Amino acid sequence: MNYKIAVIPGDGIGPEVTAEAIKALDAVGEKFGHKFEYTYLLAGGAAIDKTGRCLPEETVEKAKNSDAVLLGAVGGPKWDSLPGDERPEKALLGLRKALGLYANLRPAIMFDELKSACPLKDEKVIGGLDLLVVRELTGGIYFGERGTVDTDNMGKAAYDVEMYSEKEVERVARTAFEMAMKRNKKVTSVDKANVLESSRLWRKTVAKVAADYPEVELDNFYVDNAAMQLVYNPKQFDVIVTSNIFGDILSDEASMITGSIGMLPSASLADGAFGMYEPVHGSAPDIAGTGKANPMAAILSAAMMLRYTFGLRNEADAVESAVRKILSEGLRTPDIMTPGYREITTSEAGSLIAEKIGE
Ligand code: IPM
Ligand code: MN
């Protein structure tokens with residue numbers, strides 16, 4: 001099979017980690033007899049510098065015409081003073097919307113080998129951690145009406161509207177329940193239904209979807225409680241489904257309890273098999289070009305692409321176990337380095353993982 005992948009390296013460490021993910025994909029291609037074709041596209045600061053716009057039309061068109069998108073990261077201090085609509089981050093939001101990527105899967109898995117990096121007490125994470133945040137990605141306050149107004153006596157005011165339709169909630173809830181069916185059959189829906197009307201509709205709609213999944217247990221948590229429970233008793237969670245903004249916040253929290261944001265991949269899925277895959281970490285401009293970036297989140301994102309868009313389960317397993325192998329051999333990038341292990345660079349990590357895939 002020929003698979004067409006749009007690659008958007010982006011800014012900061014984006015290009016470095018994407019290059020390592022491609023080493024892994026090429027190793028998979030060789031070992032399992034697939035052909036991956038890459039089309040490189042511009043977005044974010046890199047696109048601003050070359051074209052004056054953060055998300056050129058060509059990028060959207062070509063991404064749409066591919067089977068999947070692999071993205072590094074966007075943003076950096078160089079573009080921080082641009083107005084909101086021209087910032088590199090806007091490219092990310094534009095891609096999510098234009099490609100219909102409404103379901104964002106952010107698995108937070110604690111690798112046994114990295115247990116010492118977990119900031120929680122051992123007893124909280126005994127037996128490991130494996131939870132999945134399903135974040136709604138194309139609605140809510142990120143895309144609602146926004147603006148500024150002048151008030152009579154309170155100066156300027158600004159607003160951003162949080163609005164959800166039943167359809168938007170229903171489809172992302174369905175994704176969460178489908179995922180739960182393949183995991184531990186438990187969904188926790190997170191909202192602020194004690195205050196927000198949009199959350200009350202969210203909760204009602206999730207309950208309707210739940211009726212189609214009698215085997216799955218559904219809990220509803222308020223977001224403040226969910227944030228607390230994540231550090232108090234993270235093992236109670238299997239799948240968490242929540243809105244765009246709550247998912248943004250809780251997925252960072254969930255990633256930190258596994259010890260290292262440098263390890264976490266993500267998938268943003270549309271209807272059907274199409275998806276965009278990117279590491280959860282950002283562009284980390286402070287370490288760009290130093291060889292210190294951890295490419296494992298990008299490599300694991302490529303594994304998610306194999307699994308969810310291409311349906312190549314064995315291939316995805318091979319990539320994930322290659323990552324585990326180098327960790328168990330004591331090899332560490334600086335972000336996960338602790339005394340007694342051997343430090344390796346971004347490209348060493350990528351090459352070693354690719355080698356293990358080929359074995
Ligand atoms: C994320 C990021 C983005 C978001 C930013 C860069 C716009 O924080 O993917 O979590 O808030 O969605
Ligand atoms: Mn975020």
Side-chain angles (χ1 to χ4, degrees), residues 8-15 17-18 21 42-48 53-55 59-60 63 69-108 131-144 146 160-162 164 168 172 190 223 226-227 230 240-258 260-270 275-286 288 293 297-298 300-301 304-305:
I8 305 179
D11 310 318
I13 61 171
V17 297
T18 329
L42 289 170
I48 296 174
R53 318 206 22 209
C54 67
L55 184 58
T59 297
V60 175
V69 181
L70 179 68
L71 186 136
V74 296
K78 184 174 172 194
W79 307 280
D80 267 353
S81 54
L82 292 172
D85 260 8
E86 293 164 35
R87 290 176 61 103
E89 289 82 356
K90 187 77 193 180
L92 207 50
L93 302 183
L95 278 166
R96 290 171 181 171
K97 195 74 173 178
L99 302 174
L101 307 169
Y102 63 82
N104 181 213
L105 313 187
R106 296 189 165 185
L131 62 95
L132 174 68
V133 177
V134 179
R135 168 189 178 192
E136 200 289 327
L137 203 60
T138 53
I141 198 166
Y142 273 62
F143 293 95
R146 70 183 90 245
D160 304 83
V161 175
E162 169 85 344
Y164 270 110
E168 285 176 308
V172 75
V190 173
V223 62
L230 264 173
I240 293 175
V241 64
T242 190
S243 64
N244 206 340
I245 183 103
F246 294 161
D248 179 45
I249 298 163
L250 292 181
S251 63
D252 265 35
E253 190 187 359
S255 75
M256 200 53 232
I257 63 178
T258 70
S260 52
I261 198 164
M263 297 294 301
L264 297 188
S266 79
S268 304
L269 305 177
M276 180 163 92
Y277 298 84
E278 60 179 303
V280 168
H281 63 68
S283 57
D286 52 320
L300 293 168
S301 299
M304 289 186 90
M305 175 189 292

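Keep in mind that this is a model prediction, so the values were computed, not measured. In each ligand, atom 1 is the first atom listed, and ligand 1 is the first ligand listed. Note that the numbering runs from 1 along the sequence shown for the chain.
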Query raised in the report: Under the salt bridge (Lys or Arg N to Asp or Glu O under 4.0 Å) criterion, do Lys78 and Asp11 qualify, and how do the steps go?
Result: CA-CA 10 Å; Lys78 184 174 172 194; Asp11 310 318; over 6 Å; no

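Two residues are said to be in side-chain contact when any heavy atoms from C-beta on lie closer than 4.5 Å; Phe143 and Lys97 meet this criterion. Contact check for Val69 versus Ile8: side-chain heavy atoms found under the 4.5 Å cut-off. Two residues are said to be in side-chain contact when any heavy atoms from C-beta on lie closer than 4.5 Å; Leu131 and Pro107 fail this criterion.
Of the protein's non-hydrogen atoms, Tyr142 OH, 2.6 Å is the one closest to atom 11 (O) of ligand 1. With respect to atom 6 (C) of ligand 1, the closest heavy atom belonging to the protein is Glu89 CG, 3.7 Å.
Side chain of Thr59 to main chain of Leu42: a donor-acceptor pair is present (N/O by atom type, distance under 3.5 Å, no hydrogens or angles). A distance-only check finds a donor-acceptor pair linking the side chain of Thr242 to the backbone of Val190 [under 3.5 Å].
Within the 4.0 Å heavy-atom criterion, neither part of Arg87 lies near ligand 1.
Remark: the Tyr142 side chain and the Asp160 side chain contain no N/O donor-acceptor pair separated by less than 3.5 Å.
Of all atoms in ligand 1, numbered sequentially from 1 with element shown, those under 4.0 Å from a heavy atom of Arg96 are 1 (C), 4 (C), 9 (O), 12 (O). Here is the list of ligand 1 atoms found below 4.0 Å of a heavy atom in Asp248: 1 (C), 4 (C), 8 (O), 10 (O), 11 (O). Near Arg135, meaning under 4.0 Å from one of its heavy atoms, ligand 1 places the atoms 1 (C), 4 (C), 9 (O), 10 (O), 11 (O), 12 (O).
The distance criterion of under 3.5 Å between nitrogen or oxygen atoms is met by Arg106 with respect to ligand 1.
Ligand 1 lies nowhere less than 4.0 angstrom from a heavy atom belonging to Glu278.
Distances from the Mn ion (ligand 2) to each N, O or S atom of Asp248 single out OD1 as the nearest.
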